[in-house]
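Below: one structure, written as structure tokens.
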There are 2 protein chains.
Amino acid sequence: MRKGAETRERLLSIAEAAILAKGFGATSIEELIAEADITKSGFFYHFKDKTELARALVHRYLEQDEILLDNLFKRARELNDDPLHAFLVGLKLLAEMMADLPEGHPGCLVATICYQERLFDKDIHDMTQGGVLAWRERFVALLQEISEIYPPNDDVDMEEVADFISTIVEGGIIMSKALREPKKLAAQLMILRSYIKLLFSPRLA
Amino acid sequence: MRKGAETRERLLSIAEAAILAKGFGATSIEELIAEADITKSGFFYHFKDKTELARALVHRYLEQDEILLDNLFKRARELNDDPLHAFLVGLKLLAEMMADLPEGHPGCLVATICYQERLFDKDIHDMTQGGVLAWRERFVALLQEISEIYPPNDDVDMEEVADFISTIVEGGIIMSKALREPKKLAAQLMILRSYIKLLFSPRLA
DNA sequence: GCAAATACAGTACCGTCGGTACAGTTTAAT
DNA sequence: ATTAAACTGTACCGACGGTACTGTATTTGC
């Protein structure tokens, strides 16, 4: 039914924000139902336990993330036919998107889960690992296309460079939070852009 | 007294490992005292509450971290007089150190705390922010020295490049955990090394 | 060698939370 | 009107964080 899915989504959004701000273990079901204005029974109607909430949360997060990245790099490609320039535009669009978040990036669910490994079962860890591997595949494909036209100026494994992008996003989020500089993530993405430029620029070498 | 400090250190080590694996909120005092083989009274003798435990943990962590980085980059400098090569050697030493951890990096306390902000007071956030700023200062000094000899091949703010190093470490830890590849952090540090090489290499330009 | 601080142990208690169980009720689709 | 969906209400358990306070063995300074 429609209304059920709506409540479920509201619960997921509230839970995601709470978990990113306090951690999974410190997030009580009671505070979630208080904010969602439903009863405990209502919560357990949608999720049989806290673990299932986590599973649903990760599933939704990775799905939304994929859609966002799809759109972003598709737009970047439409603006520019050259794969290198398209990628550089994509990184800039991503940085701008991050810079536009007034409170900074709320945090990555994958990172939260990694830093609370013992609270989650194999299923969830498989999901987060799969998410990161999907990022890798996406970026490897883009980088491969670039390196066929622009031979890289350093002997690096393209899979590592692909993971480097995720590394900067994850690290940049932490730096933003730790330094309380919401724009730090965007600035760090621009340094990544600098690396990609130097790595593939034909003017050098 | 000697014995008290010893118990305190043991408690801190146990707590650090537990918090990095389960998060602060999900780490119970009871499990800590069970592993340390003391009573609840013993715990509250050393720390008046959980918050003071966190404070002590961060303090110790940042202190140990500073000593480690001091030694590492001092050694790198002794091996090489040129600031750029010394820095590249330092990054390699760091990568090797990370690669030598059989279970991978246990995690960074600063990152854990960032992803559980609402559980900690301003004091602790000031401490973690101070820690990250100390990293920035350290790396800015090293990079400044390099850039005076080797003009950078791209127009980037050295403060951002300094933060980039911390970003890679924080992000690399998460990638290692998420992918369950203990050596991922080391590999990502080598990509950072590739960037530093390209940024300052005089053969390019 | 003695007082005093240190470093705990023991016990008891409170409120909160995750989770279970199950019966009852409203809402919406067909 | 029927039926499934989407809840509410109530009651209860065990574990845990935290408080409080008393007692005691062990050092250490003097």
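Note on naming: letters A, B, ... go to the chains in the order of the sequence lines (proteins, then strands), and numbering restarts at 1 for each one.
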Output all residues satisfying side chain to side chain donor-acceptor pair (under 3.5 Å) with [X], sequence neighbours left out; order by chain, then residue number.
{"X": "B:Lys22", "result": "B:Glu31"}
{"X": "A:Gln144", "result": "none"}
{"X": "A:Asp126", "result": "A:Lys122, B:Arg180"}
{"X": "B:Gln188", "result": "A:Glu160, A:Thr167"}

Residue-phosphate contact under 4.0 Å: B:His46 side-chain N/O, C:dC8 OP1/OP2: yes
Distance test, side-chain N/O of A:Tyr45 to OP1/OP2 of D:dC7, below 4.0 Å: no
In whole Å, what is the span from the [atom1] atom of [X] to the [atom2] atom of [N]?
{"X": "A:Leu11", "N": "D:dA6", "atom1": "CG", "atom2": "C1'", "value": "12 Å"}
{"X": "A:Lys50", "N": "C:dG19", "atom1": "NZ", "atom2": "P", "value": "6 Å"}
{"X": "A:Asp49", "N": "C:dA21", "atom1": "CG", "atom2": "C1'", "value": "15 Å"}

Within residues 78-120 of chain A or reaching into it, pairs that qualify as ring-ring contact (aromatic ring centres under 6.0 Å, His included) - sequence neighbours excluded: A:Phe24-A:Phe120, A:Phe73-A:Phe87
Residue list, side-chain contact (heavy atoms from CB on, under 4.5 Å) with A:Arg55, at least two apart or on another chain: A:Thr51, A:Asp121, A:Asp123, A:Ile124, A:Met127
B:Glu181: side-chain contact (heavy atoms from CB on, under 4.5 Å) partners, not counting sequence neighbours: A:Arg136, B:Leu179, B:Lys184
pair B:Ile33-B:Thr39: side-chain heavy atoms closer than 4.5 Å: no
List, with names and distances, any nitrogen or oxygen atoms from the protein found under 3.5 Å away from nitrogen or oxygen atoms belonging to nucleotides 9-15 of chain C.
unit_1	atom_1	unit_2	atom_2	d
C:dA9	OP2	B:Thr39	N	2.7
C:dA9	OP2	B:Thr39	OG1	2.6
C:dG10	N7	B:Ser41	OG	2.9
C:dG10	O6	B:Ser41	OG	2.5

Contacting residues from residues 14-36 of chain A, given that a heavy atom lies under 4.0 angstrom of DNA chain D: none
Positive for salt bridge (charged side-chain N to carboxylate O under 4.0 Å, His left out) with A:Asp70, one of A:Arg77, A:Arg75, A:Arg138: A:Arg138
Terminal helix-axis angle for the helix from C:dG1-D:dC30 to C:dT30-D:dA1, with five pairs defining each axis and rounding to 10 degrees: 30°
Partners passing salt bridge (charged side-chain N to carboxylate O under 4.0 Å, His left out) against B:Lys40 (at least two apart in sequence or in another chain): B:Glu30
Residues forming a salt bridge (charged side-chain N to carboxylate O under 4.0 Å, His left out) with B:Glu96, sequence neighbours excluded: none
Selection from D:dG18, C:dG19, D:dC7 that lies nearest to any side-chain heavy atom of A:Phe44: C:dG19
